[in-house]
Amino acid sequence: MPITKQTKAERARNLRYKKGIVQGFNISEILDELMKISSECDDIRYITEGDEDTLIAALDGDEEDAYEFRMMFSDLSQESENLYDRLNEEYVSEYFDEFFCRVAGGCMQLLGYDSYEEDYFALTSFESGLAQNESEKRLMKLTKQEILQTAEQCFGVATAFLNVCYKFDYLKATFDILRDENSSFLETIKDIENAYEKANVDEFNPYSKSTNEFDKLIKGLPERTWIE
């Protein structure tokens, strides 16, 4: 009796657990994330280099801090690329995905590969248990020494990747704060210019609404504005 497409699909679905990986923590997704981080670091570095005066102003006029800030993004971009190259060119344990499927499956979402759909899908709790057992079977074929070497290498890759992610999140958050503060300041200046024009039309009459609004905005400026 010929196997129908539906039967093939069901068979593929039932075997998804045979190739289990941890969502967001497997070699393929790690490589994608490293490329994304490197690209974003380069974009931010180009932005800051194209508007150095604004960055220096945001850092209270400290040119050394501004230079160091740009270099941090440059260094992190290079660090991301170096790790990406090592994971592609040097020997990376073929058991990385197997290892973390087994040890991290209890606290992280596991995915299984459906050969019929040619895509990964979230596994149920029962399927996750099967996937962990499959990974354990393959790992247990290694010698004790090989298991230790595999664990060392896997945790080394994981540590390096998490370190890059931590640095990026911290720097990106700092950059966003500086950008938001600068944007807010520029908006205030624009509001003052508009208020000035309106007050000027009223010849800065102290009893006019436009003049009062202008005075209010001026008084609201931080003291460092007058110093700068």
Side-chain angles (χ1 to χ4, degrees), residues 1-41 76-173 176:
M1 178 180 177
I3 299 177
T4 64
K5 288 185 178 181
Q6 181 62 34
T7 303
K8 287 181 180 179
E10 290 176 350
R11 289 180 62 189
R13 197 160 48 242
N14 291 335
L15 295 175
R16 286 189 300 186
Y17 66 88
K18 288 285 186 178
K19 187 179 179 182
I21 60 172
V22 177
Q23 185 176 25
F25 211 72
N26 54 77
I27 289 294
S28 179
E29 291 189 68
I30 285 176
L31 290 174
D32 288 344
E33 186 65 20
L34 287 172
M35 285 300 296
K36 177 183 176 182
I37 289 175
S38 178
S39 178
E40 289 198 35
C41 283
L76 184 55
S77 175
Q78 189 61 54
E79 185 177 345
S80 300
E81 291 181 12
N82 289 343
L83 181 56
Y84 181 91
D85 291 340
R86 287 200 300 273
L87 294 181
N88 271 299
E89 297 174 4
E90 297 182 7
Y91 172 74
V92 177
S93 173
E94 62 180 303
Y95 294 102
F96 183 91
D97 291 347
E98 299 279 10
F99 182 81
F100 280 104
C101 176
R102 178 62 189 86
V103 302
C107 58
M108 300 180 72
Q109 176 67 59
L110 291 187
L111 305 179
Y113 188 75
D114 190 315
S115 58
Y116 181 78
E117 297 288 346
E118 297 185 348
D119 197 4
Y120 281 94
F121 294 86
L123 296 177
T124 65
S125 177
F126 175 72
E127 290 174 325
S128 294
L130 295 177
Q132 287 182 275
N133 290 336
E134 286 295 320
S135 294
E136 181 176 309
K137 289 178 185 178
R138 288 189 280 271
L139 289 170
M140 291 304 291
K141 293 179 182 179
L142 303 175
T143 65
K144 292 180 181 179
Q145 185 64 29
E146 288 173 334
I147 290 177
L148 289 175
Q149 291 174 344
T150 297
E152 180 181 13
Q153 187 178 62
C154 289
F155 279 116
V157 170
T159 300
F161 173 63
L162 292 175
N163 184 51
V164 167
C165 290
Y166 170 78
K167 289 180 180 179
F168 176 72
D169 289 343
Y170 177 80
L171 283 175
K172 182 64 164 55
D176 289 341

| message | If I take atom NZ from residue K137 and atom CG from residue L139, how far apart are they, to the nearest 0.5 angstrom? | response | 12.5 Å

| Note, M108 side chain near Q23 side chain (heavy atom, < 4.5 Å) | no

| Nearest atoms (heavy-atom pairs only) where S38 meets S77 | OG-OG, 3.2 Å

| Side chains of I30 and L87: does their closest heavy-atom pair fall under 4.5 Å? | yes

| query | Within a strict 4.5 Å, meaning less than it, do heavy atoms of the K172 and D169 side chains meet? | reply | no

| Where the side chain of Q132 meets the backbone of R102, is there a donor-acceptor pair that is under 3.5 Å apart? | yes

| Side chain S39, main chain M35, donor-acceptor under 3.5 Å | no

| field | Side-chain heavy atoms of D97 within contact of V22, under 4.5 Å | value | no

| said: Checking the side chain of E98 only, and the main-chain atoms of Y95 only, is there a donor and an acceptor separated by less than 3.5 Å? | reply: no

| So which heavy atom on E29 is nearest to which on G24, and how close? | OE2-N, 3.0 Å

| query | Minimum heavy-atom separation for L76 to L171, with atom names? | reply | CD2-CD1, 4.1 Å

| field | Any side-chain heavy-atom pair of I21 and I27 under 4.5 Å | value | no

| query | Can a donor-acceptor pair be found between the side chains of E136 and N133 at a distance below 3.5 Å? | reply | no

| message | Return the OG to CD distance between S80 and E33, rounded to the nearest 0.5 Å. | response | 9.0 Å

| How long is the span from the CD atom in Q78 to the CG atom in D85, to the nearest 0.5 Å? | 8.5 Å

| Between the main-chain N or O of Q149 and the side-chain N or O of E152, is there a donor-acceptor pair closer than 3.5 Å? | no

| said: Counting C-beta onward and ignoring hydrogens, is there a side-chain heavy-atom pair between V103 and F100 closer than 4.5 Å? | reply: yes

Contacts under 3.5 angstrom, residues 158-168 side chains, donor-acceptor by atom type, not counting sequence neighbours:
unit_1 : atom_1 : unit_2 : atom_2 : d
T159   : OG1    : F155   : O      : 2.7
N163   : ND2    : E79    : OE2    : 3.4
K167   : NZ     : E79    : OE1    : 3.1

